[in-house]
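Structure, as structure tokens:
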Amino acid sequence: MLNMKDIMETITMIQEEHLDVRTITMGISLLDCFDNDIKVSCQKVYDKICREAEHLVKTGCDIEQLYGIPIINKRISVTPIAMLAGASGGDPVEYAKALDRAAHEVGVNFLGGYSALVQKGFAPGDRALIESIPEALAVTERVCSSVNVGSTRAGINMDAVALMGRIIREAAEKTADRQCIGAAKLVVFCNAVEDNPFMAGAFHGPGEPGTVINVGVSGPGVVRSALAKAGPDCDLTEVADIIKKTAFKVTRMGQLVGAEASKRLGVPFGIVDLSLAPTPAVGDSVAHILEAIGLSTCGSCGTTAALAMLNDAVKKGGVMASSNVGGLSGAFIPVSEDAGMIAAAEQGILTLEKLEAMTAVCSVGLDMIVIPGETPAEVISGIIADEAAIGMVNSKTTAVRLIPAIGRQEGDILDFGGLLGYGPVMKVNTASPAVMINRGGRIPAPLQSLKN
């Protein structure tokens, strides 16, 4: 039974505390779109996406109207395109163009899956797709790309790591006249998950159903408000309990929306990703939650401990609210998308090194970080390798989304607009790891991989 207090609390969360469903993402398998002729395959891809997702955006809007819950983004993820490119041959960019046309046709704002999974080596189609990523992201508007270079079970493919340092630079260079947006739509993963609804890293894994609905919820403002109401006298055990209870409520909302979308669209309901995904809006910041816990500024000593507690409490609250929790689920720390992170970075308190330490205990990794445009490719590869190692050894998903700001220096700004926000160009240690990166090969899987 609902009582008036619960109803009013939810209304306040939505109207004043930025509570929303960040995305409903339809995953679509393209495994039946294989063809030896790339033109035929691309047409099959376009036709299937338009057929399966025809009513996705309208359904999202209808659910918004029915429940009064903002659903910010309607998106699509597809089978990693490298799998199709290996069968069809030809220029993989043709797939990117077909995906972009389909995204425009059905009205979604992003489509993820221009991806390759190369943690243990390159299969047919993988290298060609990866080499094409800069061009694909330059000539499309809504396509997002990801590459998985490592896993706890496979180790780290250092040939892929070396390649991705160059690809990230080229993606930024090809879109230098558009705030280097190409690099902002490209993620490098270790331990990528198959059901992530968030961009730019979403893809529809080969173990997923033919079509599925995944939901990503968000509520940093709600958590911060709950902590503010509790006051400064709570000990950290009580703080964790408040976060758990709040995450429970946020997840229940995501469960409601996901189940309703599944029923209306006639496709299975996959998961609720209960990640605290921030926005540049004031009050909708993970950094501000950490400061509400008791830090003077995000990035100060104690930040990693506070983030670990926050991440754990979010997961514990979420799994009690839904049997379908999945994706990444925790706290995101994208610098350009978080008002508190931006402020801390501009003050020089939040550094790349501190962010790397924080990624050991939160949901993803080094996300939406703007670096000097002159940063060498091998340094970018070194950052990727470090982050992949954290994910590999800790059996967790980590990722890197770096944006080399071509022609700009430390302290300058790149402004992407919208949910992507803006970011200050952060200092990077440019001591060269080139000899190590150029060795190639594979960093073997750690002992933790032997669990059978």
Task: Qualifying side chain to side chain donor-acceptor pair (under 3.5 Å) pairs, either residue in residues 261-277, two or more places apart - done: E260-R264, D273-S275
With sequence neighbours left out, what residues match [X] under salt bridge (charged side-chain N to carboxylate O under 4.0 Å, His left out)?
| X | result |
| --- | --- |
| E208 | none |
| R75 | none |
| D386 | none |

Provide the full list of salt bridge (Lys or Arg N to Asp or Glu O under 4.0 Å) pairs with a residue in [range], sequence neighbours left out, each pair given once.
| range | answer |
| --- | --- |
| residues 129-139 | E131-R166, E135-K174 |
| residues 100-127 | none |
| residues 26-35 | D32-K48, D35-K44 |

side-chain hydrogen bond (donor to acceptor under 3.5 Å, both in side chains) against [X], all qualifying residues, sequence neighbours excluded:
| X | result |
| --- | --- |
| T398 | none |
| E238 | none |
| T152 | N191 |
| T23 | T25 |

Open item on the list: Enumerate the ring pair (Phe, Tyr, Trp, His ring centres under 6.0 Å) contacts for residues 100-136, please, sequence neighbours excluded, ordered by first and then second residue.
Closed with: none
